[in-house]
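Accompanying notes for the structure given below.
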There are 2 protein chains.
Amino acid sequence: MTLDALPPHQGGAEQLARLLAQALLAGHWQPGDVFPRELDIGKHFAVSRNQVRNALTSLTAAGLLERTAGRGTLVREVGDWHLLDPLMSEWMTGLVNLDPQLVRAIYAFRFSAEPVVAGLAAQAAQAEDIERLESAYAGMESSAGSVEARAEHAEYDVAFHDATYRASHNLVWRQMGHLLRPSIMALIHRSQHRTDTLDDSLARHRQVLDAIRSHDASAAETAAREVLRRTAIDLGIVS
Amino acid sequence: MTLDALPPHQGGAEQLARLLAQALLAGHWQPGDVFPRELDIGKHFAVSRNQVRNALTSLTAAGLLERTAGRGTLVREVGDWHLLDPLMSEWMTGLVNLDPQLVRAIYAFRFSAEPVVAGLAAQAAQAEDIERLESAYAGMESSAGSVEARAEHAEYDVAFHDATYRASHNLVWRQMGHLLRPSIMALIHRSQHRTDTLDDSLARHRQVLDAIRSHDASAAETAAREVLRRTAIDLGIVS
DNA sequence: GCTTGTGGAAATGTCAGACATTTACTAGAC
DNA sequence: GTCTAGTAAATGTCTGACATTTCCACAAGC
């Protein structure tokens with residue numbers, strides 16, 4: 001794989017890192033492949049070697065690449081990727097065609113984890129957590145009508161689930177909220193977001209909100225599971 | 001807080017990064033504090049500015065620091081730390097006195113998550129997963145007798161739990177295995193690891209192994225919970 | 001007095017070039 | 001054939017200079 005297929009870039013090392021990371025996430029290189037050399041990348045994108053090194057440092061920290069002096073830069077396999085690195089979430093979010101394997105893995109994780117998180121949230125939620133949830137839910141409701149507001153709707157969706165993780169009041173679970181963004185953003189590209197499915201999704205989110213508000217842990221678990229069943233349909237994982 | 005209290009260092013930027021990270025994790029600086037400047041750090045440890053920048057880049061990527069041109073380097077609050085970054089796990093592992101707040105947060109996470117993971121593992125485990133679990137369990141068993149083998153025992157303990165996460169065959173859960181090391185290593189410093197508690201812990205691990213081996217998800221969940229109850233006692237979280 | 005702008009100091013960010021180190025491959029001696 | 005020395009090629013490191021951003025002090029003007 002060469003760099004020729006990649007679009008030009010504009011901006012600093014962060015932009016370059018995103019560009020290269022998304023190419024890797026999209027599968028332009030196979031695990032074990034040698035990645036282009038620093039100087040070639042710099043020449044191709046007309047940036048200094050410094051910028052290239054900064055970008056590659058990020059990709060290495062995210063577990064996408066493995067660099068060795070003398071040998072060069074190798075592409076690591078999917079199992080080594082740091083899917084929980086916030087940078088990864090950011091890169092995945094902007095990717096239109098995320099690898100279905102990844103979408104499914106993240107969904108399977110959420111399906112097993114999010115009910116537990118919702119249960120914890122029901123136990124630990126404070127007033128401000130409830131407020132965040134209500135505010136996010138209100139946003140989802142107000143943007144559910146129009147098709148053109150689907151991006152806005154997705155943002156409120158992310159905010160709702162993130163608020164759930166935060167309400168668990170556990171530092172580790174909270175960090176995991178980053179994973180939600182790419183997962184929910186994939187919904188935009190994979191589903192038609194028809195009005196009736198949106199209404200159904202909204203109703204299921206409301207169940208979660210109500211359960212957490214009334215501190216009913218088992219109800220929150222059940223409701224979260226129902227939300228994710230809806231999500232699975234919209235993602236095309238099940239019919 | 002100044003650098004004077006820190007021990008000298010030897011080696012590359014990675015060593016320096018570990019040193020500074022562990023000082024931060026130990027609470028030598030408060031959130032919002034200004035971190036020493038690049039040049040001062042370089043002068044103090046007698047390393048080039050390059051090394052300092054590389055080290056600080058790691059800490060920034062881990063969410064420990066926030067750097068802005070012109071302003072300087074600020075220490076971020078605990079809620080922003082990337083606890084799931086493998087580098088963080090590595091730094092935490094070597095820290096003798098990990099912040100009790102962190103130990104408790106990680107334990108609370110494990111207590112809520114690990115039963116689910118064990119359940120998934122029981123469903124998804126392949127032959128090689130069972131082998132890994134058995135091998136780790138055998139190691140725990142053989143190193144349970146002597147007090148001087150407690151470090152070795154901890155390694156097998158980590159391997160056992162890591163094998164559980166891997167057996168779930170989910171890319172996200174698998175990444176989370178990194179968190180186990182600091183959590184389990186904290187056991188060494190916080191408990192006497194007396195023989196009878198070790199035997200009890202061993203027996204509970206065996207229950208997990210047996211449940212996964214027989215693909216009994218609910219039994220695996222229960223058994224994992226029992227292991228963690230034992231862990232809570234050893235960590236001093238409950239009596 | 002309050003705002004506004006202007007300058008300088010101080011910090012991180014960037015660049016360019018040379019050099020160091022590691023690795024893999026190749027050619028030659030035996 | 002096998003071992004060894006040498007060479008090329010890649011990433012890693014150092015250094016010094018410069019760029020950029022931010023904050024602060026101070027003064028001009030309304």
Side-chain angles (χ1 to χ4, degrees), chain A residues 1-3 8-21 23-24 29-76 80 87 90, chain B residues 1-3 8-21 23-24 29-76 80 87 90:
Chain A
M1 178 65 195
T2 65
L3 296 167
H9 105 297
Q10 176 188 1
E14 292 179 12
Q15 294 292 327
L16 181 58
R18 162 182 286 116
L19 188 67
L20 297 174
L24 281 162
W29 281 273
Q30 295 298 314
D33 281 2
V34 300
F35 202 71
R37 301 167 304 207
E38 292 178 349
L39 294 174
D40 289 341
I41 299 175
K43 195 143 209 163
H44 182 78
F45 292 106
V47 296
S48 71
R49 190 180 166 213
N50 232 331
Q51 304 250 34
V52 176
R53 283 186 64 78
N54 288 339
L56 293 183
T57 298
S58 289
L59 302 204
T60 306
L64 293 172
L65 297 176
E66 179 185 359
R67 320 191 68 205
T68 324
R71 187 182 321 173
T73 303
L74 300 182
V75 177
R76 300 183 69 178
D80 294 326
L87 270 179
E90 194 185 321
Chain B
M1 179 65 194
T2 65
L3 296 167
H9 105 297
Q10 175 188 4
E14 292 179 11
Q15 294 293 328
L16 181 57
R18 161 182 287 117
L19 189 67
L20 297 174
L24 281 162
W29 281 273
Q30 294 299 313
D33 281 1
V34 299
F35 202 71
R37 299 167 305 205
E38 292 178 349
L39 294 175
D40 288 343
I41 299 175
K43 195 141 210 165
H44 183 79
F45 292 106
V47 297
S48 71
R49 193 181 163 210
N50 231 334
Q51 303 250 35
V52 177
R53 284 186 62 78
N54 288 340
L56 293 183
T57 297
S58 289
L59 302 205
T60 305
L64 292 171
L65 298 177
E66 178 185 1
R67 320 190 69 205
T68 323
R71 189 182 318 174
T73 304
L74 300 182
V75 177
R76 299 183 70 179
D80 294 325
L87 271 179
E90 194 183 321

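In what follows, chains are A, B, ... by sequence order, proteins preceding strands, each numbered from 1.
- One interatomic measurement links the two molecules: CD1 of Ile41(B) to P of dT12(C), which rounds to 8 Å at whole-angstrom precision.
- The interatomic distance linking Leu39(A) (CG) with dA8(D) (C1') rounds to 14 Å, in whole Å.
- Less than 4.0 Å separates DNA chain D from at least one heavy atom of each of the following residues of residues 52-63 of chain B: Asn54(B).
- Here Arg71(A) does not reach the OP1 or OP2 of dA10(D): none of its side-chain N or O atoms lies under 4.0 Å away.
- Taking atom CZ on Arg37(B) and atom P on dG13(C), their separation rounds to 15 Å, with Å as the unit.
- Here dA11(C) presents its P atom at 13 Å from CG of Leu74(B), a figure rounded to the nearest Å.
- A 4.5 Å side-chain heavy-atom check between Thr57(A) and Asn54(B) finds every atom pair outside the cut-off.
- For Lys43(B) and dA11(C), the NZ to P distance is 13 Å, given to the nearest whole Å.
- Between Arg37(B) and Asp40(B), the shortest heavy-atom distance links the atoms NH2-OD2, 2.6 Å.
- Within the structure, every side-chain polar atom (N or O) of Thr73(B) is placed at least 4.0 Å from both OP1 and OP2 of dA11(C).
- Val75(B) is listed as a side-chain neighbour of Leu65(B), based on a closest heavy-atom distance under 4.5 Å.
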Chi angles and distances behind the side chain to side chain contact (heavy atoms under 4.5 Å, CB included) call for Phe45(A), Val52(A): CA-CA 9 Å; Phe45(A) 292 106; Val52(A) 176; over 6 Å; no
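- Counting to the nearest Å, the P atom of dT13(D) and the CG atom of Leu16(B) are 12 Å from each other.
- Side-chain contact between Leu39(B) and Arg49(B): present, with at least one pair of heavy atoms (C-beta onward) separated by less than 4.5 Å.
- Between Gln51(A) and Ala13(A) the shortest heavy-atom distance is OE1-N, 3.0 Å.
- Side-chain atoms of Arg49(B) and base atoms of dG13(C) include a donor and an acceptor less than 3.5 Å apart.
- Across dA9(D), dC14(D), dT21(D), the shortest atom-to-atom separation from the side chain of Gln51(B) is found for dC14(D).
- Between Glu14(B) and Glu90(B), the closest side-chain pair of non-hydrogen atoms is not below 4.5 Å.
- Minimum atom distance to the side chain of Asn50(B) is reached by dT15(D), of the listed dG12(D), dT15(D), dA16(C).
- Rounded to whole Å, atom C1' of dT15(D) lies 14 Å from atom CD of Glu38(B).
- Side-chain proximity of Ala69(A) to dG12(D), dT23(C), dA11(C): nearest is dG12(D).
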